[in-house]
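Data first, discussion second: the structure below is written as structure tokens.
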Amino acid sequence: MSSLLSSVDPLFAHGVPFAVVLIILIKVLVGFGALMGAVTLMIWFERKAISDMQSRIGPQRWGPFGMFQTLADGLKLILKEDLVPEQADRFVFKLAPYLVVVPALITFSIVPIGGTLDIAGHQVMLQIANPPMGILLMLAMSGVSVYGVMLAGWSSGSKYPLLSSVRASAQMISYEAALGMTIVTIVLATGSLSTHNIVDAQSGGIWHWNLIRLGIIPFVVFIIAITAELNRPPFDVVEGESELVGGFHTEYSSIRFGLFYLAEFMNTITMSAIIVTLFLGGPAGWVPSVAHLRWVFPIVWFLAKTVTFAFCYVWFRAALPRFRYDQLMDMGWKKLIPLSLGWVLIVAGFLIRPAWGFLMVAVVLLAWILLTRAFDLGYTRERGDESVLRTVGRRPLPGEVLRATTDEEE
Amino acid sequence: MLGVTLQYTWPSILIFATSALLILVGAIGVITLANPVHAALSLIMTLFGVAVAFVAQSADFLAAVQIIVYAGAIVVLFLFVIMFLGVDRRDSVTVDPLVGQRVFAAVGVLITVAGLITLMARSHWVTGAMSVSTHGHALTTGSQNVKQLGTAIFTTYLFAFEATAALLIIAVVGAVMLARRERVPNPEEIDV
């Protein structure tokens with residue numbers, strides 16, 4: 001048992017004495033505190049950055065540059081009345097916010113934020129946990145957080161939240177496939193699922209980062225898919241204010257709403273950190289030879305990279321208009337999934353030998369041509385010149401499309 | 001039989017008891033709860049209990065896949081369908097939709113129980129396999145067993161794996177064919 005544990009984390013090399021338990025507890029508490037602190041700052045940062053982009057001032061009253069605005073808002077939310085709608089399924093309604101928050105917290109535990117420290121003769125990895133399932137934990141947790149959104153919408157007993165939860169489940173499942181495929185590419189190149197090993201494999205300088213080593217494509221697919229998974233703009237059809245009032249959390253108030261809000265920002269930070277871990281070498285970077293402070297630099301690199309991506313999310317929100325729901329589905333199923341699947345084949349081929357790689361490129365190109373032809377055919381049948389149903393001004397309703405295609409074939 | 005001596009320590013017993021409780025309570029909930037959404041939630045609880053049991057057996061990969069595939073995709077689709085159909089309709093349990101379904105159910109239960117008992121008596125009682133080794137070597141624990149699992153699936157059990165993949169594709173194509181019935185719909189029937 002101890003050999004199993006120490007193969008995963010050197011902390012358990014001498015069994016599990018009290019000191020190790022204490023170190024783990026401290027790691028968990030520090031991780032939790034850091035994440036909570038980061039969320040408060042992230043909310044402030046997002047509001048401030050968006051205000052700048054929109055020529056507004058943003059929060060400014062509370063604390064320096066309005067930094068404590070989030071705390072004030074949090075306090076206000078806690079003190080507000082907690083409403084449960086008449087039509088709601090009370091148990092599920094109360095359960096749903098926690099199904100969103102807990103996965104958001106757990107996902108952060110696999111992110112390596114630094115190298116290894118020596119504390120009192122114990123080797124301590126600067127990440128809360130390094131389970132053998134590694135990055136799969138992230139996929140599992142994003143699978144669980146779908147339930148939070150879905151059940152919140154359903155249990156509200158109201159029409160708009162229900163529509164939102166149906167959208168959420170379809171959207172998150174669609175993009176999970178593309179997400180999984182890009183992770184497969186990384187796992188193929190690394191040969192391990194553990195986030196620690198994934199970061200280790202990228203430590204030899206910028207050319208070893210997965211961003212460059214695997215070609216830019218997986219990174220692009222991943223960042224699109226993860227934004228969709230987060231339900232952040234431009235993929236926020238789940239809570240589209242102009243269509244669905246507020247989406248799945250319309251009926252929520254007080255701290256239950258606060259938990260959804262918290263989870264969203266926690267996820268934004270965690271996913272920025274996951275992108276950095278998977279594609280930018282995590283804490284990898286230039287380390288000057290300063291005695292006793294060498295362990296600080298990886299953490300600084302990690303933070304710098306993560307903040308960059310957190311800013312990118314804010315930027316997306318300010319710059320990009322929301323996707324229409326059918327465009328979102330087209331992008332997920334017709335573009336991202338085939339692209340990421342093809343890229344897995346190409347990377348796998350090149351990992352064996354270049355000849356196989358080029359063969360796979362040819363195969364993928366052929367498949368791409370066939371797929372484009374199939375999409376064209378489908379488009380012509382549904383909406384093109386040969387279609388009985390000529391679209392004048394608006395997109396046909398599903399029933400009309402069905403009628404048109406069946407009439408045509410008879 | 002596994003090739004490793006099993007040690008029962010207090011933590012392992014506690015973990016087993018927790019997962020067993022999750023599995024059993026969830027399973028009972030699935031068949032007793034009247035609301036289909038609550039039943040689906042119970043099913044998720046059972047799946048999580050099984051995942052915990054997998055982790056306790058050092059089968060991390062299986063645990064992750066259990067959550068990703070079953071809890072993350074399949075039960076989501078169940079819920080999706082339940083939400084579309086609505087949960088307000090309560091089915092009567094006194095009228096059988098199929099003639100003689102109770103008799104068939106009893107026969108099915110008997111066959112399943114008999115099969116389980118045979119498996120327990122004749123082979124490894126957990127997996128039902130005659131042995132849980134690959135090429136004569138037992139699976140190692142930790143991060144290495146993902147690699148062993150992959151090698152076993154893509155070499156020894158390649159045919160079974162590909163056959164399963166083909167079966168799933170056939171099921172998907174079949175479902176699409178069944179759903180795309182060519183008929184002229186009655187305008188009143190279209191529920192957009």
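Note on naming: letters A, B, ... go to the chains in the order of the sequence lines (proteins, then strands), and numbering restarts at 1 for each one. Remember, it's a predicted structure, so these values are computed and weren't measured experimentally.
- Rounding to the nearest 0.5 Å gives a distance of 7.5 Å between CG of A:Leu99 and CG of B:Leu41.
- The line from OH of A:Tyr147 to CG of B:Leu79 is 6.0 Å long, rounded to the nearest 0.5 Å.
- Rounding to the nearest 0.5 angstrom, the gap separating the NE2 atom in B:His38 from the CG atom in A:Leu151 is 9.0 Å.
- Using a 4.5 Å cut-off between heavy atoms, A:Leu139 touches chain B through backbone and side chain atoms alike.
- Of all heavy-atom pairs between A:Leu136 and B:Ala64, the closest is CB-CB, 3.6 Å.
- Shown here is B:Phe61, whose CZ atom has no more than 12 heavy atoms of other residues, nucleotides or ligands within 6.0 Å.
- If you measure heavy-atom distances from B:Val75 to chain A, the contacts under 4.5 Å come from both the backbone and the side chain.
- The closest side-chain heavy-atom distance from B:Ile44 to A:Val144 is not below 4.5 Å.
- When the candidates A:Leu95, A:Val166, A:Leu193 are compared by the number of heavy-atom contacts under 4.5 Å with chain B, A:Val166 comes out ahead.
- Contact record, A:Met150 with B:Val76: CE-O, 3.5 Å, taken as the closest heavy-atom pair.
- Interface summary for chain A: among B:Ile67, B:Val65, B:Val55, B:Ile68, the most heavy-atom pairs under 4.5 angstrom belong to B:Ile68.
- When the candidates B:Ala63, B:Ala71, B:Ala51 are compared by the number of heavy-atom contacts under 4.5 Å with chain A, B:Ala71 comes out ahead.
- There is no contact between A:Ser142 and chain B, counting heavy-atom distances below 4.5 Å.
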